[in-house]
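Notes to accompany the following structure.
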Amino acid sequence: MKKILFIASHRPDRAPGQRFRFEQYFSFLEQNGFSCELSYYISEEDDIILYKPGRYFKKALIAWKAFRIRWGNLVRSKSYDIIFIYREVYLTGSVYFEKKFKKSGAKLVFDFDDAIWHLDVSDGNRRLSFLKNPSKTGYIISLCDLVFAGNQYLANYASETNKNVVVIPTTIDTNEYVLHPGERGNRITIGWSGSITTIKHFEFAIPILRKLKAKYGDKIQFKVIGDASYRNEELGITGIGWKRKDELKELSAFDIGIMPLPDDEWANGKCGLKGLQYMALEIPTIMSPVGVNMEIIQDGVNGFLATEIDEWVEKISRLIENSDLRISIGKQARKTVVDQYSVESQKHRYLNYFRELTS
């Protein structure tokens with residue numbers, strides 16, 4: 001059996017990027033001759049510390065633990081056929097381990113789903129941004145035998161330093177992602193799902209939601225998943241923390257899903273995950289026409305694209321007022337995910353790339 005070492009930051013079933021990029025393929029790979037091992041350094045306890053301001057001594061201990069774990073990976077690196085790097089090996093600007101892995105004899109695969117060659121630091125770690133070196137991304141890519149890019153924008157960047165780049169979209173396990181009936185209430189729920197680091201994107205929707213609230217009053221409500229500390233009293237929003245066991249239940253309460261984004265270089269690298277999650281659950285979805293969103297959505301067919309505030313309000317209003325439209329758009333959305341952005345639609349491509357590398 002061929003052995004793959006997957007290198008990432010978070011524990012299994014924790015980080016959306018890891019879950020929807022590669023973790024959900026583990027069982028299929030193992031059924032087809034590949035042993036999968038995930039090496040990570042951020043524990044559940046570290047999670048609480050890492051994204052909050054200050055606590056520099058504890059963060060230094062996390063960095064030291066990460067170094068020891070990566071050193072252990074390096075010591076055993078020759079026992080693997082493939083070393084799969086998700087985004088980076090180590091949490092600082094160093095590429096020491098990537099260079100050493102290149103000499104191990106294992107094939108190197110690089111996977112990324114954001115424009116990580118641009119600096120993007122969480123609010124809790126602004127003072128530590130000097131430790132990051134986003135330009136290292138291009139160098140890491142140049143070392144690898146194969147690059148998986150989440151969309152064409154990312155693939156274009158990777159192709160500047162590597163000739164073996166393929167687009168593998170972020171995918172949804174549509175066997176798991178099935179709408180939970182009975183979760184929706186009497187009021188129309190407009191929902192957003194993300195994280196502490198992406199809540200800033202939700203803020204782009206505030207002027208839109210204000211207009212909708214003024215227009216529909218108590219007929220609608222808003223729901224935010226992913227940042228338990230988020231509050232907006234004006235709109236009656238109390239953020240809900242993300243929990244893996246409650247994910248489908250909470251998302252199934254959405255009648256309409258939104259994915260607002262700024263039109264900048266970082267957003268153009270996004271892979272549409274939030275929208276794809278909504279769509280897989282037959283939730284009619286409205287996205288900003290940024291990056292891959294324009295490939296995912298056929299406006300008015302399987303979802304909507306909206307740029308200006310009034311356009312957002314008009315399209316969401318159509319969905320609020322027409323339950324048949326919500327149902328028809330939702331069914332087309334699910335079909336899009338099943339056909340193009342599901343694990344089932346991509347798993348054989350994924351497997352074949354690993355086979356080609358190790359043949």
Side-chain angles (χ1 to χ4, degrees), residues 10 12-25 113-114 150-151 168-181 183-184 189-199 201-202 204-205 222-228 230 239-261 267 269-298 302-306 316 319 326-327 329-347:
H10 291 277
D13 229 16
R14 159 64 179 85
Q18 294 176 203
R19 287 174 54 209
F20 295 99
R21 293 296 299 167
F22 60 87
E23 286 178 19
Q24 58 191 355
Y25 290 101
D113 56 348
D114 274 316
N151 60 44
I168 296 286
T170 296
T171 53
I172 306 293
D173 183 349
T174 47
N175 293 319
E176 177 190 4
Y177 261 67
V178 178
L179 183 67
H180 282 212
E183 297 300 337
R184 293 173 182 170
T189 299
I190 300 167
W192 177 91
S193 177
S195 67
I196 293 171
T197 58
T198 58
I199 191 71
H201 293 155
F202 170 73
F204 284 94
F222 309 117
K223 186 170 185 175
V224 169
I225 301 171
D227 185 351
Y230 185 79
I240 300 169
W242 177 84
K243 294 180 181 178
R244 178 68 176 93
K245 65 182 179 65
D246 296 331
E247 181 177 62
L248 293 178
K249 176 177 177 289
E250 297 289 3
L251 288 172
S252 292
F254 292 8
D255 293 282
I256 300 166
I258 61 172
M259 185 179 175
L261 287 173
K270 304 296 285 183
C271 292
L273 175 58
K274 294 178 184 64
L276 293 171
Q277 288 178 280
Y278 309 152
M279 293 168 71
L281 295 173
E282 300 184 32
I283 299 166
T285 299
I286 304 183
M287 301 183 178
S288 298
V290 175
V292 78
N293 292 356
M294 292 185 286
E295 298 174 24
I296 296 170
I297 295 290
Q298 292 177 267
N302 63 352
F304 288 105
L305 297 170
I316 294 177
L319 290 168
R326 294 199 299 273
I327 292 169
I329 291 284
K331 288 189 179 302
Q332 286 298 315
R334 166 91 179 170
K335 184 177 186 303
T336 297
V337 175
V338 169
D339 291 347
Q340 301 175 49
Y341 299 96
S342 65
V343 171
E344 196 65 29
S345 71
Q346 299 295 323
K347 65 182 184 181

- Query: Taking all atoms of both residues into account, what is the closest heavy-atom pair of Arg334 and Ala280, and its distance?
  - Reply: NH1-O, 2.8 Å

- Item | Any donor-acceptor N or O pair under 3.5 Å, side chains Glu247, Tyr177 | yes

- Glu295 side chain near Val292 side chain, heavy-atom distance below 4.5 Å: yes

- How close do His201 and Pro260 get, heavy atom to heavy atom, and via which atoms? O-CG, 3.4 Å

- Task: State, with a plain yes or no, whether a side-chain heavy atom of Trp242 is found less than 4.5 Å away from one of Glu250.
- Result: no

- To the nearest 0.5 Å, atom NZ of Lys243 lies from atom NZ of Lys249 at 10.5 Å

- By side chain to side chain donor-acceptor pair (under 3.5 Å) - contacts of Thr198 (at least two apart): Ser195

- Between Gln277 and Val337, does a side-chain contact (heavy atoms from CB on, under 4.5 Å) hold up when you go through it step by step? CA-CA 9 Å; Gln277 288 178 280; Val337 175; over 6 Å; no

- Evaluate whether atom CD of Glu344 has more than 12 neighbouring non-hydrogen atoms of other residues, nucleotides or ligands under 6.0 angstrom away. no

- Just by distance, with hydrogens left out, do Thr336 and Asn302 show a side-chain donor and acceptor under 3.5 Å apart? yes

- For Phe222 and Thr189, what are the C-alpha separation, side-chain angles and deciding distance, and is it a side-chain contact (heavy atoms from CB on, under 4.5 Å)? CA-CA 6 Å; Phe222 309 117; Thr189 299; over 6 Å; no

- Should Ile172 and Leu273 count as side-chain neighbours, where that means a heavy-atom distance under 4.5 Å? yes

- Ile168 CD1 to Arg21 CZ distance, which is reported to the nearest 0.5 Å: 7.5 Å

- With no hydrogens and no angle check, do the side chains of Tyr25 and Thr171 hold a donor and an acceptor under 3.5 Å apart? yes

- Query: Any side-chain heavy atom of Ile240 within less than 4.5 Å of one from Val224?
  - Reply: no

- Derivation of the side-chain contact (heavy atoms from CB on, under 4.5 Å) call for Ile190 and Lys223: CA-CA 6 Å; Ile190 300 167; Lys223 186 170 185 175; over 6 Å; no

- Shortest non-hydrogen contact from Gln346 to Gln340? NE2-O, 3.2 Å

- Message: Among Gln24, His10, Glu23, exactly one meets side chain to side chain donor-acceptor pair (under 3.5 Å) together with Gln18. Which residue is that?
- Response: Glu23

Show which side-chain atoms of residues 281-290 pair as donor or acceptor with protein atoms under 3.5 Å away, not counting sequence neighbours.
residue : atom : partner : partner atom : Å
Thr285  : OG1  : Ile283  : O            : 2.8
Ser288  : OG   : Leu261  : N            : 2.8
Ser288  : OG   : Leu261  : O            : 3.3

- Query: Any idea which heavy atoms bring Ile258 and Trp192 closest together, and the distance?
  - Reply: O-CD1, 3.5 Å

- Task: Indicate yes or no for a side-chain donor-acceptor contact from Tyr278 to the backbone of Asp255 under 3.5 Å, with no hydrogens or angles considered.
- Result: no

- Query: Between Arg19 and Arg244, does a side-chain contact (heavy atoms from CB on, under 4.5 Å) hold up when you go through it step by step?
  - Reply: CA-CA 11 Å; Arg19 287 174 54 209; Arg244 178 68 176 93; 3.3 Å; yes

- Task: Indicate the atoms forming the closest heavy-atom contact of Cys271 with Asp113, along with that distance.
- Result: SG-O, 3.5 Å

- Separation between NZ (Lys347) and CG (Asp173), nearest 0.5 Å, reads 9.0 Å

- Message: Any side-chain to backbone donor/acceptor pair from Asn151 onto Pro169? Under 3.5 Å, distance only.
- Response: no

- Query: Which atom pair, heavy atoms only, marks the closest approach of Ser342 to Ser345?
  - Reply: O-OG, 2.8 Å

